[in-house]
2 protein chains.
Amino acid sequence: MEHLKTGELAKRAGVNVETLRFYEREGLIPEPPRRVSGYREYPAESVRLIRFIKRAQELGFSLREVRELLALRVEPGTTCADVRHKAQEKVSDVREKIADLQAIERALNSLTASCSGEGPLTDCPILECLNGTTNEEK
Amino acid sequence: MEHLKTGELAKRAGVNVETLRFYEREGLIPEPPRRVSGYREYPAESVRLIRFIKRAQELGFSLREVRELLALRVEPGTTCADVRHKAQEKVSDVREKIADLQAIERALNSLTASCSGEGPLTDCPILECLNGTTNEEK
DNA sequence: CTTGACTCCGCACTAAGGTACGGGCCGTAG
DNA sequence: CTACGGCCCGTACCTTAGTGCGGAGTCAAG
């Protein structure tokens, strides 16, 4: 089978048919040739392309970034180092998110630690802290 | 000053006026009494309420979750342990996100490690890996 | 009394990443 | 040849957390 219809490509790549149309509109995948009837005829390697997109997404790249990644492949004179650079940028991105979440985790932990779980709601240290009762109270 | 107009409350709480209307629509803050003219008259403690919402958001609670938190405060028979429970749920939530991001970081790191940054694009191990060249190629 | 700032309301729009729908062709198995 | 599934298209809708806008009414200072 040399060319695929939308449904076939969608099934093989594990995405929704609408998603393919969406990616096409967003410029992530090229417009495929059409039959006279208007039916899209995707080359077999499109499966790869869609999976590439999905994998990149799993690695935390947004569709915008995926588009840039794909553009790199086509841009003449692009080097391996360019791609590497994008990946490294994404690493520091991810590290930042991790650090933010860790700060949140620490804050939540100290909150739950301050609360024995006993006593009525009115004395709950968590709500008090969220309310800012500790520092204000004009 | 016993009661605040929207603009005053917004300024004191550090949010946009529109955000107050939005929170009201979403049931996060109660509908305040109105003047004859229709102007809202917020009690002074509304500032606290808005700040509560903002702090909870900073701790990773979605507005939906904040609403639940606020509902707890009103629900009769709610205990401190209930609040504590919500906070702990959020902690495991956050931990899960951290773990996911760490997995992504590891994957990206092994990808960049595999790429010297030299050589032409066609041989880039990162793109190859994303493309799945390593396992398929039927 | 007028003017300018503030408030009211509903509605539209943003970003991201799709999903769903309805009407109308197409293509092929029976 | 006809029926049914697949495909076409544009468009609307979803979630989250708001922001923006325009027209009309209001408040307070000068």
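The side-chain heavy atoms of A:Val15 and A:Leu9, taken from C-beta on, include no pair separated by under 4.5 Å.
Listed nucleotides D:dC8, C:dG18, D:dT19 differ in distance to B:Arg25; the shortest reach to its side chain belongs to D:dT19.
Look at B:Arg40 and you won't find any side-chain N or O under 4.0 angstrom from OP1 or OP2 of C:dT7. Within the 4.0 Å cut-off from OP1 or OP2 of D:dC8, at least one side-chain nitrogen or oxygen of A:Thr6 is found.
No salt bridge links B:Arg64 with B:Glu26; every basic N to acidic carboxylate O contact stays at or beyond 4.0 Å. Between B:Glu65 and B:Lys86, no side-chain nitrogen of the basic residue sits less than 4.0 Å from a carboxylate oxygen of the acidic one, so the salt-bridge criterion is not met.
The distance from atom CZ of A:Arg34 to atom P of D:dC8 is 6 Å, rounded to the nearest whole Å. Per the geometry, CD belonging to B:Glu8 stands 19 Å off P belonging to D:dT26, to the nearest Å. The separation between B:Leu20 atom CG and D:dG18 atom P is 11 Å, rounded to whole Å. Residue B:Tyr23 contributes atom OH, which lies 12 Å from atom C1' of D:dT19 at whole-angstrom precision.
Within 4.0 Å (heavy atoms only), B:Gln57 reaches sugar-phosphate atoms of the nucleic acid but no base atom. Among the protein residues, B:Lys11 comes within range of no part of the nucleic acid, since none of its heavy atoms lies under 4.0 Å from any strand.
DNA chain D is contacted by B:Ser62, B:Leu63 of residues 62-74 of chain B, taking any non-hydrogen atom closer than 4.0 Å.
With sequence neighbours left out, A:Pro120 forms a side-chain contact (heavy atoms from CB on, under 4.5 Å) with A:Thr122, A:Asp123. In this structure, the side-chain contact (heavy atoms from CB on, under 4.5 Å) partners of A:Glu41, at least two apart in sequence or on a different chain, are A:His3, A:Arg35.
Mapping B:Glu41 and A:Val15 onto DNA chain C by nearest heavy atom places B:Glu41 at the nucleotide closer to the 5' end.
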- line: With B for base contact, S for sugar-phosphate-only contact and - for none (protein heavy atoms under 4.0 Å), nucleotides 21-30 of chain C reads B----BS---
Under 3.5 Å donor-acceptor pairs involving side-chain atoms of residues 96-108 of chain B, not counting sequence neighbours:
from     : atom 1 : to      : atom 2 : distance (Å)
B:Glu105 : OE2    : A:Arg95 : NE     : 2.6
B:Glu105 : OE2    : A:Arg95 : NH2    : 3.3

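Axis angle, first five pairs versus last five pairs of the helix from C:dC1-D:dG30 to C:dG30-D:dC1: 30°, rounded to 10°.
With B:Arg40 as reference, B:Glu24 is the one residue of B:Glu24, B:Glu8, B:Glu31 to meet the salt bridge (Lys or Arg N to Asp or Glu O under 4.0 Å) rule.
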